[in-house]
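Just so it is clear: chains get the letters A, B, ... in the order the sequence lines come, proteins before strands, and each one is counted from 1.
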Amino acid sequence: MRADAQTEGNDATTRIYRVLATVPYGRVITYGDLAQMAGYPRAARLAGQTLRKLPRDTKLPWHRVINAQGRISLPEPDAARQRARLEREGIFLHNGRVDLLKYRWQP
DNA sequence: ATCAGGGCTACAT
DNA sequence: TATGTAGCCCTGA
């Protein structure tokens, strides 16, 4: 836990979930940005580890998180689920990637 | 206190 | 564009 994070009174998981919840429909965010917005710059892998623990029935938009290359970092069959959810929001992959310049969300 | 490992990244070939 | 290679930083053992 970090000093600046402690002042917020929350652990990394909570902070990451909170940011994830703000990612709007039809947009995506990278692991690195998610971590940074949660107060953990350069801790992209932390975001990954955290998301991996999400329950299957979560309401959070886990599928809107992709890597910095615009690619899905999940092994099949989860990658297929993520792709399907993204498409349902109008986000399609071309050559296995999302057009970050167009859909990347950054406040 | 240490250490390996993770849904990663940036940079160099 | 496609690898390879170092960093990064947190968590759990």
In dot-bracket form, 5' to 3', how is DNA chain C paired? Count Watson-Crick and G-U wobble pairs only if both distances fall under 3.5 Å, and write | where the partner sits on another strand.
.||||||.|||||
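- A donor-acceptor contact shorter than 3.5 Å is absent between the side chain of Gln82(A) and the backbone of Ile66(A).
- At least one donor-acceptor pair under 3.5 Å links the side chain of Thr22(A) to the backbone N or O of Val19(A).
- A side chain to side chain contact (heavy atoms under 4.5 Å, CB included) with Leu34(A) holds for exactly one of Ile16(A), Leu46(A), Thr50(A); it is Ile16(A).
- Note on residues 84-102 of chain A: pairs passing salt bridge (charged side-chain N to carboxylate O under 4.0 Å, His left out), not counting sequence neighbours, are Arg64(A)-Glu89(A).
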Tell me, for nucleotides 6-13 of chain B in 5' to 3' order, what letter each nucleotide earns: B for a base near a protein heavy atom under 4.0 Å, S for only sugar-phosphate near one, - for neither?
BBBSS---
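- When the nucleotides dT1(C), dC9(C), dT11(C) are ranked by their closest atom to the side chain of Ala43(A), dC9(C) comes out on top.
- Between atom CD1 of residue Ile29(A) and atom CH2 of residue Trp105(A) there is a gap of 6.0 Å, rounded to the nearest 0.5 Å.
- At whole-Å resolution of the value, CZ in Arg42(A) and C1' in dA6(C) are 15 Å apart.
- dG6(B) and dG7(C) have their C1' atoms separated by 14 Å, with the value rounded to a whole Å.
- The shortest side-chain heavy-atom distance between Tyr17(A) and Asp11(A) does not fall under the 4.5 Å cut-off.
- A salt bridge does not link Asp78(A) with Arg83(A): none of the charged nitrogens is closer than 4.0 Å to a carboxylate oxygen.
- By the 4.5 Å heavy-atom criterion applied to side chains, Val28(A) and Val23(A) are not counted as neighbours.
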